[in-house]
Amino acid sequence: MVRNVVLLCLFCVGVGCGVKQPTLQYIGAVVTQSTQDAFKFDVEFEISNKNDFPLQLLLYNYEVTSGGRTMYVGFASAEKTIPYSSSITNSIPVVIPREFVVDQDEFSWQLSGTLGYIPPKAMSETLVDMGIWKPMVSVRAHDVLQVPAIVE
């Protein structure tokens with residue numbers, strides 16, 4: 001029994017060793033909606049795949065903080081596949097309640113989290129589906145954003 005578990009662990013490591021994580025580069029933040037109660041902005045990234053095979057992106061799990069306070073916690077489906085040896089752009093939605101930015105013209109924010117992905121090998125997909133292997137990469141960004149005017 002122990003031998004089987006050790007062999008399974010070694011196999012999982014071997015499957016994962018040939019996969020290079022995608023890399024994310026923060027591009028910018030774009031305000032997409034503004035109401036009396038809150039405003040929404042999209043945090044845009046360029047995501048690169050250095051592998052010789054495509055990578056399917058799964059789910060972002062992230063939080064946005066400002067001044068040590070958590071302003072937003074979210075999950076977002078990435079819904080894209082990065083072709084081999086190329087880059088794509090993708091964005092993460094963030095909604096900030098106006099109560100966090102009262103009497104401010106701009107605010108500094110930090111985003112941190114993870115992005116899950118699946119390498120396209122049958123065994124990789126099986127290990128991810130079984131919950132044994134969860135490949136993910138760190139997602140980080142920070143910037144200063146103008147508080148948008150209220151538009152209804």
Side-chain angles (χ1 to χ4, degrees), residues 9 12-13 15-121 123-152:
C9 289
C12 291
V13 169
V15 168
C17 287
V19 177
K20 296 175 191 156
Q21 291 184 330
T23 57
L24 287 87
Q25 178 68 41
Y26 171 66
I27 297 173
V30 178
V31 175
T32 57
Q33 191 174 4
S34 179
T35 69
Q36 183 175 351
D37 298 324
F39 59 93
K40 177 182 178 255
F41 63 96
D42 290 339
V43 179
E44 298 179 343
F45 291 94
E46 178 180 23
I47 308 172
S48 300
N49 177 10
K50 304 292 186 206
N51 292 290
D52 293 332
F53 46 82
L55 292 176
Q56 179 184 353
L57 303 180
L58 293 176
L59 184 72
Y60 292 100
N61 177 357
Y62 58 102
E63 76 172 5
V64 175
T65 60
S66 180
R69 294 187 304 180
T70 299
M71 302 177 81
Y72 185 78
V73 176
F75 297 95
S77 178
E79 298 180 3
K80 291 202 176 186
T81 298
I82 311 173
Y84 69 92
S85 299
S86 64
S87 298
I88 63 167
T89 58
N90 203 346
S91 62
I92 302 173
V94 175
V95 177
I96 303 296
R98 287 206 179 264
E99 65 191 55
F100 285 122
V101 293
V102 173
D103 298 328
Q104 294 183 40
D105 293 331
E106 61 183 25
F107 74 102
S108 173
W109 57 269
Q110 300 81 38
L111 180 144
S112 61
T114 58
L115 170 60
Y117 62 94
I118 302 176
K121 297 179 181 176
M123 186 51 70
S124 298
E125 291 178 14
T126 301
L127 293 173
V128 170
D129 289 343
M130 293 173 61
I132 295 172
W133 185 42
K134 295 183 182 182
M136 58 185 60
V137 63
S138 179
V139 177
R140 300 211 178 281
H142 60 89
D143 208 342
V144 175
L145 189 69
Q146 291 289 118
V147 175
I150 298 170
V151 179
E152 300 220 34

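Values in this document were obtained by computation on a predicted structure and should not be read as measured data.
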Show the nearest heavy-atom pair for residues [X] and [Y], with the distance to one decimal.
{"X": "V137", "Y": "P22", "result": "CG2-O, 3.3 Å"}
{"X": "G67", "Y": "Q110", "result": "N-OE1, 4.5 Å"}
{"X": "E63", "Y": "V73", "result": "CB-CG2, 4.1 Å"}
{"X": "S85", "Y": "D52", "result": "OG-OD1, 4.1 Å"}
{"X": "P93", "Y": "D42", "result": "CA-OD1, 3.5 Å"}
{"X": "V43", "Y": "A141", "result": "CG1-CB, 4.2 Å"}

(request) Evaluate whether atom CD of Q25 has more than 12 neighbouring non-hydrogen atoms of other residues, nucleotides or ligands under 6.0 angstrom away. (result) no
(request) Give a yes or no on whether Q33 atom CD has more than 12 heavy-atom contacts from other residues, nucleotides or ligands under 6.0 Å away. (result) no
Would you indicate whether the side-chain heavy atoms of [Y] and [X] approach each other to under 4.5 Å?
{"X": "V101", "Y": "M71", "result": "yes"}
{"X": "S108", "Y": "V144", "result": "yes"}
{"X": "F100", "Y": "S66", "result": "no"}
{"X": "N61", "Y": "F75", "result": "yes"}
{"X": "R98", "Y": "I150", "result": "yes"}
{"X": "I82", "Y": "S48", "result": "no"}

Just by distance, do the side chain of [X] and the backbone of [Y] share a donor-acceptor pair under 3.5 Å?
{"X": "N90", "Y": "A78", "result": "yes"}
{"X": "S34", "Y": "F39", "result": "no"}
{"X": "K40", "Y": "T35", "result": "no"}

(request) Walk me through it: do Y84 and N51 pass the test side chain to side chain contact (heavy atoms under 4.5 Å, CB included)? (result) CA-CA 6 Å; Y84 69 92; N51 292 290; 5.8 Å; no
Atom [atom1] in [X], atom [atom2] in [Y]: separation rounded to 0.5 Å?
{"X": "I118", "Y": "M136", "atom1": "CD1", "atom2": "CE", "answer": "11.5 Å"}
{"X": "E46", "Y": "I27", "atom1": "CD", "atom2": "CD1", "answer": "5.5 Å"}
{"X": "F41", "Y": "S91", "atom1": "CZ", "atom2": "OG", "answer": "11.5 Å"}
{"X": "S86", "Y": "I47", "atom1": "OG", "atom2": "CD1", "answer": "11.0 Å"}
{"X": "I88", "Y": "L57", "atom1": "CD1", "atom2": "CG", "answer": "5.0 Å"}
{"X": "W109", "Y": "D143", "atom1": "CH2", "atom2": "CG", "answer": "5.5 Å"}

(message) Evaluate Y26 against L111 for side chain to side chain contact (heavy atoms under 4.5 Å, CB included), listing each step before the verdict.
(response) CA-CA 10 Å; Y26 171 66; L111 180 144; over 6 Å; no
(message) Can you classify the ring geometry of Y72 versus Y62 as parallel (below 30°), tilted (30 to 60°) or perpendicular (above 60°)?
(response) tilted
(message) Evaluate T89 against E44 for side chain to side chain contact (heavy atoms under 4.5 Å, CB included), listing each step before the verdict.
(response) CA-CA 7 Å; T89 58; E44 298 179 343; over 6 Å; no
(request) Could you walk me through whether L115 and F45 pass the side chain to side chain contact (heavy atoms under 4.5 Å, CB included) test, one step at a time? (result) CA-CA 12 Å; L115 170 60; F45 291 94; over 6 Å; no
